[in-house]
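Remarks on the structure that follows.
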2 protein chains.
Amino acid sequence: MRVTLKDIADEAGVSMMTVSNVVNGKRARVSPETIERIQRIVAERGYVPSASARSLAAKSSRLIGLLVPAADEDSLMISPHNVAIVGQIERELRKGGYHLLLRGIAAPAEVAEALQSWSLDGAVLLGFLDEEIDRLTARAVGKVSLLAIDSYSANPLTTGVRSDDYTGALLAARHLLELGHREIVFAGPSFSDVGVVHERFAGFQAAFAEAGLSWRERLVSANTTHASGRELGRRLMSSHPSATAVFATADILAIGIMEGLAETGFSVPSDVSVLGFDDLDLSAYVTPKLTTIAQDIPRKAAIAVQLLLGTIEGKEHPVDPITLEVRLIERASTAAPR
Amino acid sequence: MRVTLKDIADEAGVSMMTVSNVVNGKRARVSPETIERIQRIVAERGYVPSASARSLAAKSSRLIGLLVPAADEDSLMISPHNVAIVGQIERELRKGGYHLLLRGIAAPAEVAEALQSWSLDGAVLLGFLDEEIDRLTARAVGKVSLLAIDSYSANPLTTGVRSDDYTGALLAARHLLELGHREIVFAGPSFSDVGVVHERFAGFQAAFAEAGLSWRERLVSANTTHASGRELGRRLMSSHPSATAVFATADILAIGIMEGLAETGFSVPSDVSVLGFDDLDLSAYVTPKLTTIAQDIPRKAAIAVQLLLGTIEGKEHPVDPITLEVRLIERASTAAPR
DNA sequence: TTGAAAGCGCTAACAA
DNA sequence: TTGTTAGCGCTTTCAA
């Protein structure tokens, strides 16, 4: 059967506590020779501590949840943008000696259930809208640290990490305005008065304001999917005949729009400029290559984990939200209007 | 603090075992009224069983590992093809009342460590080469069920699920041959005598054999990445001037090749036809849209989980490997040679 | 520097 | 149909 602490203790002729201390690196409490002897036996016998037993006996489980939306009984909704984040989060946790529980959330109650059943030390919320986050965390238990990625929620239970969406959209709109565009469509999911898309919309408008221009209502609502973008692209020039450019809140949407435009005989960028947000790998593979706003995704994930582990281990107060820089990547999908 | 079994038992005026039986659905052992009363209290108090405690006391943890390669200290290597699989596996496990531990594997020893520390009931290996799988599972403990995705390993410790790679490549080569191509390059990672790429190579050659043609050595080695494909595409027509078509073992590679060809002034499909494997979403977004071999990815994942849970719960013997159908998706990147 | 006792929350195997 | 006993493997607390 399994090699236990007791086995090691017996073989070393010491108590379980001594072995426990050695295994957990509390070396101050054990003599050097004992440490070495125990370590040798541990290696020989291939002893691996039982995480369940440790989690049960100690306050901490060293387990972190990664909670992702999963529309009712459905598969996880991991967008291309979020894939990289998942990988980075796992890596950072592993480096810190934590394990990752990946869990799809179909109903709010599942958050509390996930948190409690495995006594998670904390959890990262990835891919939820701000409105949902408040609802989800409302029922959460007090002890666990929560961190939401891409959140602007003022919820004191969660810390947030996000890119500078406001500035990103500002840069995007500025770029199009500088090229000479005036009739620019804003395409993105419908939004409330808080959240990523709201920020981008505000930044977008600010660019017009700083240029002394007024932006006439040219808001188009679309899901953040290729299919939705394609459909939008197909009818764009008939619904907005005078538009010369589109800013989409996500690359995948922008790429769909480009396809829809191409299908209806419009050429990018000579007829219409298209600008995205995210800088997915994919965006450099399509034709024309997409001009977009790039986020530092690995950094976003690394900081998320740092903050989370910080509040868990240091019992620091949840830190203020952190905002990461973005930058414009000029490629081939934008040009001066004709 | 936490609501425990004992709390519920006290409040209901019964023993812990009775509550335990109700919670675990062993209703045959409890009277209907008791069941109802206990269930009411459980709901009222928001009782959630402790998975660690259960795992410690019972044989099973209801935790499954998803083990993914993570080149030394690096982030997880989740290819576009594997992302969908991760999501589906989580979903299937959740439906079955299991949880998923996502873990990057940098060194063989980490497999056993992951398995043991959380007393995993089983694990899915995703993204490993067959050669690695044997090495990884060698040290694994006996009890846990292992299942490798896309594996042809004869290893008795693991069951495998994979697409019909042989037939996929056969269909691909047949398609190109029927279009009239004779000088076809096979582009893929270097391979040994077992595994996915080996199968595809065998299928590819078989198509020539059945057409009574001999395939002259036109094997090009490249990593399964866009960058590697692009580089390959750039030098393809100078290294193989008479080639009229390329079969790549992965869409992402094929897309890179198309880009490299375009950069050096060759047009797809009029100068060179390109055919991929996987049918990523992405492959329909690029220009020209990629002709490819489609796999049923959700099904692959669902079957993987079914098999794994089958051997875990039913203690059935590891089943024979399962092979899933593939089909040719004809799009715009292939045409008759000039 | 080391050890003993108690218990984390649960379930298996019996007993009643 | 229900309860009792005895742990699962570890850490905490306190004593030596």
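Letters A, B, ... are given to chains in the order of the sequence lines, protein chains preceding strands, and every chain is numbered from 1. Note that this is a predicted model, so its numbers are computed, not measured.
Nucleotide dT12(D) holds its P atom 8 Å from the CG atom of N24(A), rounded to whole Å. Between the P atom of dG7(D) and the CZ atom of R2(A) lies a distance of 19 Å, rounded to the nearest Å. To the nearest angstrom, P of dG9(C) lies 13 Å from CD1 of I8(B). When the P atom of dC8(D) is taken as reference, atom CG of L63(B) falls 21 Å away, rounded to whole Å. For L5(A) and dC8(D), the CG to P distance is 13 Å, given to the nearest whole Å. As a whole-Å value, the separation of R62(B) CZ from dT11(C) P is 11 Å. Between K26(A) atom NZ and dC10(D) atom P there is a gap of 15 Å when expressed in whole angstrom units. Atom-to-atom, NZ of K6(B) to P of dG3(D) comes out at 13 Å; the value is rounded to the nearest Å.
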Protein-nucleotides 4-8 of chain C N/O pairs closer than 3.5 Å?
| from | atom 1 | to | atom 2 | distance (Å) |
| --- | --- | --- | --- | --- |
| dC8(C) | O2 | A57(A) | N | 3.4 |

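Contact annotation: N21(B) does not reach the phosphate of dT2(D) (side-chain N/O to OP1 or OP2, under 4.0 Å). Put simply, S31(A) has a side-chain N or O that comes within less than 4.0 Å of OP1 or OP2 on dT2(C). The side chain of S52(B) places no N or O atom within less than 4.0 Å of a non-bridging phosphate oxygen (OP1 or OP2) of dC10(C).
If you take CG on L67(A) and CG on L120(A), they are separated by 7.5 Å, rounding to the nearest 0.5 Å.
Applying the side-chain hydrogen bond (donor to acceptor under 3.5 Å, both in side chains) criterion to E44(B), with sequence neighbours excluded, gives R40(B). In this structure A53(A) satisfies the side chain to side chain contact (heavy atoms under 4.5 Å, CB included) test together with S50(A), L56(B), sequence neighbours excluded. Remark: E113(B) engages R103(B) in a side-chain hydrogen bond (donor to acceptor under 3.5 Å, both in side chains) (not counting sequence neighbours). Under the side chain to side chain contact (heavy atoms under 4.5 Å, CB included) criterion, R162(A) pairs with D150(A), Y152(A), D165(A), P321(A), T323(A), not counting sequence neighbours.
No more than 12 heavy atoms of other residues, nucleotides or ligands lie within 6.0 Å of CZ in R299(B), so this atom counts as exposed by the packing criterion.
Salt-bridge check for E131(A) with R135(A): failed, with every basic side-chain N at 4.0 Å or more from each acidic carboxylate O. For K300(B) and D296(B), the salt-bridge test fails: no basic side-chain N is under 4.0 Å from an acidic carboxylate O.
Minimum atom distance to the side chain of T18(A) is reached by dG3(C), of the listed dT11(C), dG3(D), dG3(C).
No donor-acceptor pair closer than 3.5 Å links the side chain of E92(A) to the backbone N or O of A301(A).
Using a 4.0 Å heavy-atom cutoff across all strands shown, T34(B) reaches sugar-phosphate atoms only and no base atom.
With axes fitted over five pairs at each extremity, the angle between the ends of the helix from dT1(C)-dA16(D) to dA16(C)-dT1(D) is 30° (10° resolution).
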